[in-house]
Every structure is written in C-alpha cells, then in structure tokens.
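Quick note on labels: first sequence line is chain A, next is B, and so on, each numbered from 1. The figures here come from the full heavy-atom set of this structure, side chains too, leaving out hydrogens, waters and symmetry mates.
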Amino acid sequence: MIKHNSFSFIHAADLHLDSPFKGITTDSKSVGNALRSATFDAFNALIDLCIQKQVQFLLVAGDIYDGADRSLRAQLKFRDGLARLAKHNIHTFVVHGNHDPINSQSSAIEWPETVHIFNGNKVESKTATGQDNVPLALISGISHGKSNETQNLTKKFSKEDPGVFHIGLLHCNVGSNTGHDPYAPCELSDLMHPGMDYWALGHVHERGILHTDPYVLYAGNTQGRNIREQGERGCWLVTVENRSVADIRFCPLDAARWLHTNVNIDNMQTVDELERAIWNNIKEIMDSQRQTVAQDFISSQGEREGVAGAPTERVVAWPVEGAAPLRGQARAPTIESQQQAHGIILRVNIAGSGPLFNELQKENAVLDLLDRARENFASEDPFVWVQEIEVNCRPEIDLEKIKQRGDFLGQVVKIAEEINDPKIGRPELLKPVLSDLFENRHIQKALPELSQDEMSGIIEKAALLCVNMLEGNE
Amino acid sequence: MRIVRFFIDGFGIFHNVTVGDLLPGLTLFVGDNETGKSTCLSFLRDTLFGFRDNRTKENNFPALAGGRQGGSITLTGNLFGETVIERRAGKKGGSVTVTYADGQKGTEEELHQILGNTTRELFKNIYAFSLNELQTMDTLDTESVKNVLYSAGIGTAVLSLPRAITGIETKMGDLFKPGGRNPQINQKLSALEAVRANLRQARTGIELYDAASVALGKKTHEIEELQREERSVNKQKDLIDRYLKLWNNWISLEDHQSDLAALPLIVDNFPEQGIERLERDLERLAREKDIRIEFVTDLDNLTREIKNIYVNEKMLGETASIRTLLDKKEGYVFARENLPLMNERLELRKRDIQDILNILGKGWTEERISKVDRSLFTREAILKQQKLLENMNLKREEAQRFVELKQDEHETTLAAQAQAQKNVERYLDIPVETDEKTIIALQKGRDQFASIARDLPQRVMELEAAKKELAETIKEISPDWVEANILDFDCSVSAQQKIQLHESILTKVVQDFTQAQMRLESMHIELKRAREQYDVKVHELESMEYAAAVSGDKLTRKKFLLRSLKSYVFEQNSLAVEMRHLEDRLSDKRQETAYQGPVENGHLLNALKLTAFITIMLGLAIFGILATVKTWAMGIVIGSMLVAIGVMIFFVYQNALGKKKLETVQKQAYLSEIEQQVSVINAQLLEIKEQYAGISDKIAGTAVELGMDIPIRPGDIDSLEAAIDEENRVSDNKKRLFDEAQSLKNRALQMEQSTEIQAKAVNNSESTLQIAKEDWGKFLLELGLQPGLLPGTVYLIFTKIETVKTRIEHVYEIKDRITRMEETKETYLSFAKDIPSLMVLMGKELMELLSGVDLFLEQNREIEKRRHARRVAEEILEEKKTRTKEIEDALQEAVYRLGEAQNDEKRAYLFWQDWLGEHGFDQDLSPAVVLEAFQKIEECTRLVRESSELIMQIKDRKDSIKAYLFLARTVFEALGEPMPEIQSLMTAIDRLGENLDETKANLIRKEELSRKIPGIEAKIAVSNAKIAGLEKEINALVKAGGAQDQETFRTRGGFFAKRTELLNRISEEERALKVISGEEDVAALKEKLKTLDNTYLNVAHTALSEQLESVEIRLNNCRQEKSDLSQEISRLASADDISRLRTEEEGLLEEIRILSRDWAFYAVAKYLLGEARRQFELEQQPRVIHDAGSFFQSITGGQYEKIIAPIGENTIDVITRDGRRKQPEELSRGTAEQLYLAIRFGYISNFTVNGEKLPVIMDDILVNFDPRRARQTAKTIAKLSETHQVLFFTCHPETVDIFREHNGNIPVYTLQNGTIKGIRE
C-alpha cells in the first residue's frame, strides 16, 4: 500500500548463505537436508517478502556468504535470488563484510542490471528511483576490501545533504561489547552524520535499533546457526514517508529456529516420567510455534484485507551504549510474519535434583532418551530436532553432608570445592591433568580452550561422579 | 585375660610338665635350641585351637616322652573366671573339655566364645607368633587379617576405590589416547583432518568456475567460426554434387539425339501396334483351321463303331427265369446232398428213447413221461424234504451225546463230596473260644507294655537327676534365683538388640572421642605449620618492601603515560609521512606546471606561411622567364607545379593555425586547475603542520612527566618501557606474595577456628561418653543384673540363661513322658484281669506278668491256627455239595431233550413217504433217487422232440428239388435248347447267366454312341464361320498400314516404332536434367554442361568432401569441449561439497567438543580421587596403622616416622624421617620384621575380645634386630605387657638381660631336658 511520497525497502544482513550450523550432529537425512538448506530457505523467504511487499529496493549489509568457505553455490543462488527481484524491477544494493570481502567473489558471475555492489575502495553513492525515474533515496556504501578490515569505515562517508532520503549501508562493529569480531570498528557517535537518515548495518547477529535520529539499525542474521542464536531471525521492513521513517517492522524469515527448554527432575521417580515431561515440553513448544505462525498469518491476512490487525509488540533492542531508548516512540518494531512453518532445533536442559540423577548416569541412559525423542519428533512437519539433552541436574546426595563426614568421600568433595572456589580456587592445578588432551596439537586446532564456566561444571560433575561410583552404585 | 598355668601330659618332648602361677605382664622363657620353646608355643596354640592330625605337613608333636598327647591350659578372665581348657588328641582337632571354676563343664563352642571367636589364623599370626610368622608380610595379608588392619574408620567407599579408578581410566582410554587411533576422539580427529583436507580441495571451486567460464566463451566463438566455414564448403560441394548427378543423363541425351537424326524413313502414322495385331490374327486363323479338321475325323469313327455291336433278343425275353435258376441253384444242390444224412440221424434218436424207457422200468412209456410234473418247484420240494430228514437225524444224535457227558460228570462230583466230608470230620475236637476283643487288646498293647515295664524306672531316675542339675545351674547364675527368675528373664531379640545398641553406642562414642582427640592433635600441628609458613611469607614480603618502592598507582599512571607517548610519537611520525607526501605532491604539481611551459608563439607557422609565398612567387617567375624561351612548355609545367605546391603549403598553414589556437585555450584551463589543487594541498599542509606542532607539544609534556630527556632519542622509549615492565614485574611479585601471605593468614585463622571447634568437639564427645555409660548402667538395673558388667559379659549371661531355659524345658518333658507311661500301663492291666490265667498274676512284678501274657498269647495263637483249618474244610464241603446238585439238574434236562429229538425225526420221515405216494413214486425211495429219475425223464423228453423235428425237415427238402427241375426244363425249351443231364445241369445254367449279361452290355453301348453324333456336326458349322471372319479382318489391317501386302506392312511398322522410342527417351532425359539440377532454364544448363569435364568434377568433389569432413571433426570436438565445459560449470555451480563438508566438519567439531568434555570430566574425577587418596593417606590413616606407626617409630628410634596403608589397597608403605616413602620389600630384613611387629602391636593394642585383652606369645623374635633396636623393641614389649600378658620365649640369655634392664623382677622360666622350671630370684 504505497502512499504518495512514500516507499518501502527491506534491510537485511548476515545471510551467511551455505555456511553450516554449528554444534549440530544429525544422522537424520531429512533434518540434515533441511538444515543444510536453511540459510537458502531463509534467503528465498526474503526474496518472496520483497516481491510480496512490493518494496522499492533491498539492502544487504554484508556477510552474504562465508568467503572462507568459497561456496560457489552460495554466490550463484544469491545471484538467482536477485535475478528474481530484477524481474519485478526491485533493485538491490549490496555491501560485502568481513566474511565475504569483495576480493573473495567469483569474477565470472554476471549480476542483473538492477544489482549494485559497492566497491571496497571508497564510499560510492547510488540513487534509488521510483516510477518515472523519480529519485527516492540516495544509498551510500562501501564494502570490506579484505577479511580483516580494521579501519573505521564511517570516516569515509562524506557529510552532505543529498535532498532525498539518505541511507548509509555498512558492515561494521558499533561499540566494543557486541560479542563479535571488531572489524570496521566504530562508535555510535561516528554515525551521527548530518543528512544521513538511516544506517542499514550488518555484522552483529542480534537485531537491534541502536538509535532513532538518525535511525541506526542492525538487521541481525536471517537464520540462526548455533545455540547462541536462539529465537526468530529475519529482516526489517521500513516504510518512508516524506523523507522520514514512518514504520519499521520486523519480519521473521528463519527456516529452522534454535530454542531451548528446561526440565526439572525434582520429585521425579522414573525415567519414564522424565521422558514424558520432555515430550510435553516439546509438544508445548511445537504448539506455541504453530500458534505464532497461525496468528501471524491471521494478522497479516487481516492487514491485507484492510482489517486493523494488532500485531504482537515485541521490543527487540540490543544494549549499546548511547542508544536512544525505544520507549515512547511512535512505532515500535513489530512482528509481521510472512513466514512459513519453521523447523525447531532444541536443546533440553535437565535441572533439579533427585533420585533420577543416578539413573541418568547409567551408560547410554541419556543417549537412549535423546534417540527416542529424535525418533519421535524428527519426522514431525515441521521437524523438531532435539540437538542435545544436557544433564545439569544433581543427585539427591547432599554434598555438604558428605563433606562434613570427614571420610574419604568427604575429602573428595572438599578438594573439588576448593578447586572450584573462585576465592581459593587453583584451576591451574588441573592444567597438567587435562594437558594430555587439551594441549594436543590436533585438539587445539579443533576446539577453543575450556571456559571458566565449563571448567566449573566439569569439576562439580566429576565430584558427583566420584560419590556416585564409590557410594551410589555399590 | 591371661594364662594362669598349663599342663602338658604328652606333647613332643614334654610329658607331665606343669607350668603354674603365671603372672599378668611379661614372663620370659629361656632355653637352648631343641629344649622345646617352639613346642611350647605350638602346645599353647593347639590346645586352644585344636591339634593337627597326621595329614598336615606341619609337625603335629606326638607324645615322645610318654603320656597321652594333650594337656590343659588354665585361663582366667573377668567374664568366666578361672577356666581349664583340656584337650586330648583325637579326631577333628581332638576332644576338648572346658571346666569352669565351679566344676561345670563347657563345650568347644563355649571355648570359642571365651576366645571371642578369634580364629586360629588370627591368633597364630597376630598373638602367638614365631620368627617364621614375623618374617613375611604374607602372614598379615590373609583375608581375615587384612580386613581388620586396613579399613577401620575410613568409610566403606575406599574398598571400591581401585576399581573406580580403573573404571575411570578405561573410560578415558576409550575416549582418547595420545597417539592412539581407535579411541573415539582420536577417530573423530582423524576424520576431521580428512574433512578439512577435502574442504581445502573443494574451495578451489571459484577459480575453476571462472576459468571454465572464460574457456566457454572462447569455445563458443570458435564454434561460430567453424560453422561459417562449414556452410561455405557445403554450398560449393552441393553444386559439384548436382553436376555429378546430372552427368550420365546428359551423355544419354546427346546419344539419343544423334540416333534420331540418323533414321532413313520417317513414318508418322501407323495403326497402333499394327505389326503385333497382324501376327496375332494370322495365328488365330491357322489354329481355327486345325480345329475343323479334328471334328470331321471324329464323326467318321463313331458311325463305324455303332454298326459293329451285336444284341440277342430271345435271351432278353427269358431274363427273369434265368435269374431265378441262378439264385436258387445253391439251395437245390444242398437239399440233394443233405437228405440221406437226415434220415440216418432220425434213426439214432429213436434208439436212445427206447434205452431210457428201459432204465426207468416197466410201465414207463413216452406218454407217461410227458405227463410227469418236472417243474422247479417239485424239485425244490424234494430237496427240502431231503434236508429236513438229515437235520432231524443230526439233532437226535447230539442230544444223545450230551446225556452221556452229564452222566460222567455226576459220578465225579459225588466222589469229591465224599472226600470233603471226610476232611471236615478230622477237626471235630477243637475247644471253646475265649473273648476275642480282650485277646486283641492284649496282643496289640504287648510291646508298648513291655517297653514301659522296662523304661519306667529309668525315666523316674532321669527326672530326679535333671531336677537336681537344673537347681544347680540356676544357683550358678545367682544363688538367690529360682526357676521363676529364669523364666521371667527377658532374653528376647529386642533385649539383645538393646544390648547391641548400647554396645555400638559405647564403641562409637569411645571411638569418636579418641578420633576427636587425635584430630585435635593433628590440627594443632597443622596450625603450627601454617603459622610458620605465614611467618616465612611475611619475612619474604618485608625484604621485598625495600626492593619495590614504586607504588601501584604511580606505576599505572606511568604505564598510561608511556602508552600515550607511544601513540603521540606514532601519530607524529604519521603526520610527518603525510606532510612529506603532501610536499611531494606539491612539488609534482609545480613540475607539471613547469613542464607545460608558456603558450607557443607560432614561429613554425610563420615559416610555413613564408615558404608558401616564396614557392608561389618562384612558380610565377618561372612562368615569366620560360615563356620567352623555346622550352616554354616545360616552363609552364614546372611553374604551375611550383604554384600548386605553394598553394598546398598555404592550406597546411591555415589548418595548423586553427589547431594551435584550441590547444592554447585547453592548456590555460589545465594550469589554472593545477594551481587550484596546489592551493588545496598548501592548505592541507598547513593544517597538518599545525597538528604536528600540537603533537610535539604533547610529546614534550608527556616526556617531562615521565622524566625523560628532551628531545627523545631513539631507544629512550624502549628502555623506559623495559624499566616500567621491570617495575611491573616486581610489583606483581609483591602482590602475589602479599596475596599468598594473606591466604596463609586466612588459612591459619581458619585453622585456629577449626581447632577451637575441634576442642569443643572433644569435650562434647567426652560428655557423650559419660552419658552413654550411665545409660548402660540403667539398662543393667532394668535387667536385674549387677552394675558394672560389660556388654560382652551380659551376652554370656544371656547365653547361660538361654541354656537354663532349655534345661527347664527338658525336665518338663521327662515328667510328661512318665505320666503318659503310667496311664498306658493301667489300661493294659485292666484287659489282663479278664484272663483267668493272668488274673492269678495280678499284683506281681510287671515282668512276671509280661511273661504270663506272652505264654497266654502263644497258646492262643496255636488254637487259632486249627480253627482256621476247620473253617476252610467246611467251606470246601459246602462248595462240593452245591456242585453235585447243579450237575444232577443238568442231566435231567439232557434226557428230556433227547426224547424230543427222536420224536421230531420220526414225524419228518412219515411226511416224505406221503409225498412219494402223492407223486406216484415207490414209498421206499430216498429223495436222492427220486432226483436222479427226474434227470432221465428230462433227457427222454428232449429226444422225442428232436425226432419229430427231423421228420418235418426231410419232407421240405424233397419238395424243393422237384420245383427247381421243372423251371429249368421250361427255360431250356423257350431258348430252344435241349434239357441237359442232371450232372451237367449246373454248368449249363451258369453258361446261360453269362450269355445274358453280355447281350445286355452290348445294347447299352450302342445307345450311348448314337447320342453323340448331332453335337459334332454342329461344331463343324461354327468353325467354318470363324475362319471366314478372320480372313476379312487381316485384309483391312494391311490396308490401314498404307501397304498392299503383309511384307510392306511389316517394314513400315519397324521404322515407326524406332522413331517413337528415341523421341520418348530424349524427352525423359531432359525432364531428369530439370529435376536433378533444379534449373528451369534447361537450355542454359546444357550450355554449361558442355563446358564441364567429368574428371574435374570428381576431383573437386573429393577435395571439398575432405575439407568438410575436417571442419566437421573440428566442430564436433569444439562442441564436445563446450558441452564438457558447460557440464563442468553447472557441476561447479550446483556442487554442494563445501556445504556438505562444512556441515560434516561442524558435526565432527561438536562431537569432539562433547567427547572432550566427557574426557575432561573423567580426568578431573580421577584427579579428585587421586588427590583425596594422597591427602587422606597422609592425614587420616586407620587407627591400627596409626598406632603401628607410633610403635614403628619407637622401635626404629624415630628413623621411620609413619606407616601408611594406601587407601583401598592391601599394602603398606613406610615414611622415613626425611619424608621418603618405601615399600616393605625395600627394607632390610630386620627393619621389615620390626615393621611387621609394629603392625601386630598396632592391632593388639586396639582390639579386645569380650572387652578383655588376649595374652601375647612370642618366640625369639628379636634375633635379627641390632642391639639398639632390640633394646627399643624390648622396651616396647615391656610397655605392651602393662596391658597384656606377654610370654616371651628366647634362647638368648642376653635377651633376658635386655628385658631386665627395664624391670629386674620379670619372672623367668627355663626349659631343659623336657622340663620347664621357674626361677625366682
């Protein structure tokens, strides 16, 4: 529904086409295929959304694919998607990021005329036009020329007022605590160029609105790829009226969604009970996800038919110093779903304490649970893939009491506590204990070092194992 | 508990030896070798735990000096008082007698209880040992010993520790091994390597794709070129192909046209197919003429044949008669020949009839026979009569035989009955019967009565003894107690549990108290150590204070300043570089301006202009000069050339002038742009210089603050940085030391607190102990026992009371039995009274009465036997009588049946005679004879019938012969021939038949031939008409061909045909040329063909074909390559290797992550167990080991500090004074023995039996000890003897001296020549 003097565009980033899911092991062919195609499916959904919403143009703010992977397939699929947009006369403006610097592209791929890829040397500006070649917006952008760009690229943008809606397209790391590599680092203050109306950013995988005057937004990635990237993923649909942002909506696109659930074993007596609880949780998650899709479908239907649908408000702010508070704004980011049903990748966390702990220590007990859950839910449509059942529960054993006993096991518990106590802890004691494996050359190439939290968990579990072996299973 | 004395009756060299008045504490036994020290030790062990029999390999000490193998040991203890254990050699360790102080005897079981269930093994290895047992660890390693040594007080968990550690190690090994291949993580790592290698390969995809795309473009172009070439060659080749195809047609056409021109006569018109038509008509004419001739010949032949056929008319008239004669001819001949034979047969029949009549007898004629009823019914009736008669006869004979049988049987039974009667009469004299019930009662009760008679007095005595014994036993427990006290005493399980509870509480509380004390002690030591460590750290720190003067804040500031300085210097350098760069650019721009130079002034152009002018003028001059001379023409040429050149130069000048102007304008614009750029650069340069100056100020300021010299020399910053790093390191060290000191201080503080808590805990345990003791006292009161008893003692009392209870039950049991016996006796006597012979014996001794009963029962048994025999005989007689009666009845019945059978037979015979009479037979005849007569009558009747038939047949034959002869005669007469003789008549008749057939055939033939004639005549007429028509047609055709005769006609026809053929061929070839060439203009084509040559065409065709083939091959190759490239491109485009491999890689990484965490988890668990074990071993050893350590330390004079029993392992380690750890195998023999001795002492000092301490017996164990240690050990033993009785055997007098050094009053016994004597000094 385009009003006079208004247009809309989509801001997406970090497609990471054809890059794999991390921390996934699956023997299921169908789930494996679904996951391998998930980044592409999300991208196709993005293209469909552009066409459906009849946007004027699409902005892609870097990390389209993983340059290190050098996946030709990804580049060609990206081209095919943009070619579909070209058929609908939707233009695309692309910058490359640290994962796909401009030098990692294939030279043989021919891009549709509607696609503009910004170079990696200097900031270029391109005008996006509407019907009858009326200029709608000026898009300025610069790609990363190399994979480890350490310059502050915002400095290369000139400060000017082009007389139309001005968009800065950039892949950069705003601030210092994003949890991402500090490539193209800059501060929010660097983005306060006069005359810039909207900064379309990529790099940080959590979407967020960092600022509203001018608008500074991260789109987040279109498809979560590991357990740290939980929940829905997608793009921003931005409507501009009279040279100012009139509406911003978030549209989920992900084809597979990472989620987690907790199950408490308190008061549970049998593994069957636990299994039932896990299954119930999974079913609830499936229902709630289905309902979300159904509701979104209804609301988007309503909107199409002119009924005032009230999409669920969901504030998706990402904490960055200096970001303006979102409260009190005319329009908060909202969900607007065009999304088809998505698969679920689930991590189940078993917490609490009880007699079941011992059962779960038995060989293959957790594996069997996992196998059965997978067997039951992997074939659902859309699938639910239980990636891991993490046993973080405790036995009914009161370690404090054991410690007080002063016997051998008491000594074991005491040592474990001492090592694990941050005040008197001596984790370096464990270094030689673990060196066989963790200082192995091959392992170092495959794994990061154990974090403090991981180490802490391992020590506690180890103490429980000792108690269990020496006392529990006599 | 201690040994008070022992007595050896016979054991090895000892006989009748008593060692008495042994005291508590240490006692020495001295004797040389072979004087029996080991024998004594063995005697003490074996008497308490059993003698060895001959089967063992060990010495079983037979009594060598006389006496019976065995002896006794007198023990005394709080619980059981003085008790003598006596053992004699025998089975299963020998027989034991336990005699308590009051003379009561106990069992071997009680001996075990006295020894607190100590096993022989434990006693031998711990309490009563020789050098043999001491020298090896194995004696401490038996199951029963090690369990008590190693695991007291450390929790049950450690027993499974080694298993747990092995389990963890196995799991770790399953997960990962450095350099391994099969463990899970190793496998995954290998897989990861492989996947990553493949991934590197797959990542070249983009380069391949780009290269392939370029190659594809080139290939497409190449294909287009080749296609163009192919089209051109194809066009040329097509043309040649067409000419080659036309060539043969072209040659034919030429030939046909020349043949046409050569024809001599031109015939344009001729009947169509004229020649053929003429020849055909002539042929038809000739054929028709031949047909006509055939028909005429046929007609002549037919007429002749008809005339020659003959027919006999007379014979035709007699046809019917002749046929009849021929038909009946055979019948006639047969009748004539058969007649005499039939007459003969008739005579024979008549003779046979007469024979039968004679057999049947007088009165039988043919007529009578015909009247006899020969029906089947009659014959059946005869057969029935015959059967009936036979049947009756049989029945009568059977009845006769049955009667005879029964008569025989009757006689036999009568004889048996008489015999039985005689038997019965033999038993008539049996006396009258006694009362049977009484006899049975006496009989049944006899054995029981006998046993009562025998046992009763004994039982009564037994009861008395038991009562007495019981009373005594009760007195043993308590003099005041009676049976009731015992029965009321609560020995229930719950009461025992209560004791157990009290005992365990007591033990636990005591143990807790001891442990708490020990812990407190060790805490004090730890605390002291911690304080010392803290002091050391503090000292270290204090010495540090002087070294590090820079405070932390200052250092931080310095670091910050240094960082700033470095960044300023870096910035300054960058600005300098940029400045230089800008200056370079500025000078570049200036040079550029200089190179462009000023605008050119146009010297060259002016020169051009002048040249043009001079040239023109020169040309005009030459015109003028040469116009006057002869060679004017030449002058004009040269002049005009020069003028023209001049004009051209002028034009060049004009053109150059325009260009020059344009360039000038452009250059000016460019210069102004450069100037503008220069000014911009200048401005930038100025700005940077300002920045540079600012930075320099900052640098100066920072350097001053850092105390550096200005200007900063290269290396200054680095050396300053090094200095700050050093300060930093020192500061870090200080901080670390401070932290460590702080943590030590905290630890000391914590320990102080813990120590206080522990001290309180000790007090608490003490009060708990007191309470537990009081509770125990109360409980004893509740039980009615005196206070101060130990739980072990109460157990013994319980056991005793249980025994007494059993005895009381025994007494009651005996009483019951006696009562029951009395009752049974009385009942029996009441029966005996009824018997007179026994009545007399009443009141006498039971045994006398018993023999009376036996006599009576014996007599009664004899009478009973005879009575039984008579009963049997009477039964037999009864049986015989019954049998005789039965037989008599049967005989009567048989006689009656016989009479009836005889009557039936008679009646049947009469009936037969009546039947014979009725049917006219003799009454004497039997049925069989009558049946035979019936057969004869039958035969005769058949013969009469045959005779009548023969007579009729003879008459018929004669009549038929007569009729035949008559007909024959009539026929011959009609034909006019004489009647032949009878003999030749048949031949004549046959001849007549043949003649008749012939005449008939001739007649038919003649008629057939006559019918053919008219048909032949008609055919001849038709043939004539056809011949005339053909001749007319031929004449008309010849005329139409323009000829007078047939010959001319044929010549003209030939020329016409030739001409027509050639014209057709020419037309065909021309049409072919048109079709093949595709040309409309055939004439032009012909002209073109005339100019060509076949050979040339073939050569050109071959060349073009080859060229085309080559192009096609190249084209195909190119296409193949293009298709390959396209395929490669689409393969690369669709290849998902990377995606797949990356997924695989991530999957493997995740698996490795999970597995490595599992591994870490096990590794940490293993560490925890190991560390806990190490600490536990150092700090908290089992009590036995702890005390053993103290003994060992004392024996070795402090050379060894501690003994450690590694947790969960059944081994021992020792810790030397300097902290080294050693295994027993590493110790010298003496030290090892001291270690084993210390362990024994550790055990002995910790364990009691029923609250008492067992005596300890040692056999010369100090021999391997050096004097110092021997002395130490003796001291230790002396200390042990304060709580335990110790009997020490030795062969070394100096050992005695060593012991006496401490206590001169130690009692000493000497062993000599099989005696043991006490020395009181």
Side-chain angles (χ1 to χ4, degrees), chain A residues 18-26 32 35-36 66 68-76 104-109 388 405-412 414-416 419 424 429-430 433-434 436-438 440 442-443 445-447 450 454-455 458-459 461-463 465-467 469-471 474, chain B residues 153-158 160-161 164 167-168 176 178 185 189 192-193 199 202-206 209-210 212-214 519 743 1132-1136 1138-1140 1142-1143 1145-1154 1156-1157 1159-1169 1171-1173 1175-1176 1180 1207:
Chain A
D18 206 15
S19 72
F21 279 50
K22 286 188 192 297
I24 279 270
T25 52
T26 172
L35 296 185
R36 271 169 60 196
D66 199 340
D69 286 348
R70 297 180 72 71
S71 164
L72 184 64
R73 187 165 81 126
Q75 301 191 23
L76 291 169
S104 66
Q105 317 301 309
S106 164
S107 57
I109 295 176
E388 191 180 355
R405 266 184 358 207
D407 64 359
F408 180 76
L409 278 177
Q411 191 77 6
V412 170
K414 200 173 129 209
I415 294 168
I419 297 175
I424 54 170
L429 279 179
L430 292 179
V433 173
L434 302 176
D436 265 1
L437 182 67
F438 285 87
N440 178 289
H442 299 288
I443 280 289
K445 277 198 265 175
L447 290 180
L450 285 171
E454 278 176 314
M455 201 60 236
I458 286 171
I459 294 169
K461 273 191 189 176
L465 174 75
C466 294
V467 173
M469 279 182 104
L470 295 178
E471 202 164 65
E474 273 306 300
Chain B
I154 55 169
T156 52
V158 290
S160 50
L161 180 63
I168 287 174
F176 177 74
I185 294 178
L189 283 173
L192 183 68
E193 292 264 306
L199 205 50
R203 280 176 176 146
T204 57
I206 289 184
Y209 180 81
D210 290 353
S213 296
V214 170
R519 220 172 283 146
S743 111
L1132 287 167
S1134 62
D1136 62 349
I1138 288 179
S1139 167
R1140 184 175 53 72
R1142 286 277 283 127
T1143 307
E1145 183 190 22
E1146 289 299 341
L1148 282 168
L1149 286 173
E1150 175 65 6
E1151 281 173 343
I1152 291 170
R1153 189 185 71 80
I1154 293 170
S1156 64
R1157 263 114 195 100
W1159 186 89
F1161 161 57
Y1162 287 121
V1164 172
K1166 187 183 156 193
Y1167 166 78
L1168 290 178
L1169 292 178
E1171 184 61 16
R1173 172 148 109 175
Q1175 294 187 8
F1176 205 78
Q1180 303 193 39
I1207 303 299

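- Here A:Lys414 contributes atom NZ and B:Leu1168 contributes atom CG; the two are 13.0 Å apart, rounded to the nearest 0.5 Å.
- You'll find the side chain of A:His442 stays beyond 4.5 Å of the side chain of B:Ile185, heavy atoms only.
- Scored by the side-chain hydrogen bond (donor to acceptor under 3.5 Å, both in side chains) test, B:Lys1166 finds B:Glu169 as partners (sequence neighbours excluded).
- For A:Phe438 against B:Ala1160, the heavy-atom pair with the smallest separation is CE1-CB, 3.9 Å.
- Ranked by non-hydrogen atom pairs under 4.5 Å with chain B, the options A:Leu72, A:Ile443, A:Asp18, A:Leu447 are led by A:Leu72.
- Under the 4.5 Å side-chain criterion, counting only non-hydrogen atoms from C-beta, A:Lys445 is not in contact with B:Leu192.
- Contacts of B:Leu189 with chain A are made by side-chain atoms alone, with heavy-atom separations under 4.5 Å and no backbone atom involved.
- Here the SG atom belonging to A:Cys466 is positioned 3.5 Å from the CG atom belonging to B:Leu1169, to the nearest 0.5 angstrom.
- When heavy atoms are compared at a cutoff of 4.5 Å, B:Phe1161 approaches chain A by way of both its backbone and its side chain.
- Chain B forms more heavy-atom pairs under 4.5 Å with one residue of A:Asp66, A:Leu76, A:Ile415 than with any other, namely A:Ile415.
- By the 4.5 Å heavy-atom criterion applied to side chains, B:Glu1145 and A:Pro20 are not counted as neighbours.
- Minimum heavy-atom separation, A:Ala446 to B:Leu1149: O-CD2, 3.1 Å.
- The parts of A:Leu434 that come within reach of chain B are both its backbone and its side chain, each placing non-hydrogen atoms under 4.5 angstrom from that chain.
- With contacts defined as side-chain heavy-atom distances shorter than 4.5 Å, the pair B:Val1164/A:Met455 qualifies.
- Contacts of A:Leu35 with chain B are absent, with no heavy-atom separation under 4.5 Å from either backbone or side chain.
- Residues A:Ile419 and B:Glu1171 form no side-chain contact, since every pair of their non-hydrogen atoms from C-beta on lies 4.5 Å or further apart.
- In this structure, A:Leu437 CG and B:Trp1159 CH2 are separated by 5.0 Å, a value rounded to the nearest 0.5 Å.
- When A:Asp436, A:Ile109, A:Asn440 are compared by the number of non-hydrogen pairs under 4.5 Å with chain B, A:Asp436 comes out ahead.
- Annotation: maximal heavy-atom pairing with chain B below 4.5 Å, among A:Lys461, A:Lys22, A:Arg36, A:Glu388, occurs at A:Arg36.
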